[in-house]
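These notes concern the structure reproduced below.
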Amino acid sequence: MDRFAALPLVVPDREDHVAAAGLRNSCRKKGVQIGTIDALLAQLCIRYELVLLTTDEDFHHIARHSELRLWEGTALNG
């Protein structure tokens, strides 16, 4: 836990939850189903202009239909 103390903490508020629901609905209209938590994580990254590092393909689908930015670096395990 001590190591995590150096990292900033991002706490979603009501606006984030509402915007995440909007993001989820927007993606659904475009044929992309995303989970509630994924939508909230994506929304937090969009709001705070963060780049998301992920191997989860769902976030790539979200990024195609939103302002979500993903880390496009080389593979971490190879």
Side-chain angles (χ1 to χ4, degrees):
M1 290 301 294
D2 291 337
R3 293 181 188 201
F4 288 112
L7 299 173
L9 181 63
V10 177
V11 179
D13 61 20
R14 183 183 311 248
E15 278 184 40
D16 293 314
H17 287 278
V18 171
L23 177 62
R24 196 167 176 227
N25 291 338
S26 174
C27 285
R28 186 179 314 127
K29 287 178 185 176
K30 296 171 183 168
V32 176
Q33 296 286 346
I34 59 174
T36 302
I37 299 301
D38 287 354
L40 184 57
L41 288 171
Q43 173 54 35
L44 289 170
C45 289
I46 292 167
R47 177 179 180 183
Y48 293 102
E49 300 179 354
L50 303 172
V51 177
L52 181 65
L53 172 62
T54 183
T55 59
D56 187 332
E57 193 62 31
D58 290 342
F59 290 104
H60 292 272
H61 297 301
I62 297 169
R64 284 190 208 106
H65 301 289
S66 71
E67 297 178 24
L68 178 63
R69 296 182 306 146
L70 300 177
W71 178 269
E72 297 293 339
T74 58
L76 296 176
N77 61 355

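Quick caveat, the model's predicted, so the values are computed rather than measured. Computed over heavy atoms, backbone and side chain alike; hydrogens, waters and symmetry mates excluded.
- For Thr36, the side-chain hydrogen bond (donor to acceptor under 3.5 Å, both in side chains) partners two or more places apart in sequence, or in a different chain, are Arg24.
- Not counting sequence neighbours, the partners of Asp13 by the salt bridge (charged side-chain N to carboxylate O under 4.0 Å, His left out) test are Arg47.
- Residue Ile46 is found in a hydrophobic cluster whose other members, listed by chain and number, are Leu23, Val32, Ile34, Ile37, Leu41, Leu52, Phe59, Ile62, Leu68, Leu70; membership requires side-chain heavy atoms under 4.5 Å apart, directly or through intermediates.
- Pairs passing the salt bridge (charged side-chain N to carboxylate O under 4.0 Å, His left out) check and including a residue from residues 2-12, sequence neighbours excluded, do not occur.
- Taking Asn25 as the reference, Arg28 meet the side-chain hydrogen bond (donor to acceptor under 3.5 Å, both in side chains) condition, with sequence neighbours excluded.
- For Glu57, the side chain to side chain contact (heavy atoms under 4.5 Å, CB included) criterion is met by His60, His61, Arg64, not counting sequence neighbours.
- Apart from Val18 itself, the hydrophobic cluster it occupies contains nothing, where clustering links Ile, Leu, Val, Met, Phe, Trp and Tyr at side-chain heavy-atom distances under 4.5 Å.
- Taking the side chain to side chain contact (heavy atoms under 4.5 Å, CB included) definition, one finds that Tyr48 meets it with Val10, Leu44, Leu50, sequence neighbours left out.
- For the pair Ala19 and Gln43, the tightest heavy-atom approach, listed with the atom from each and the gap, is CB-CD, 3.4 Å.
- A search for side chain to side chain contact (heavy atoms under 4.5 Å, CB included) contacts involving Lys30 returns Ser26, His65, not counting sequence neighbours.
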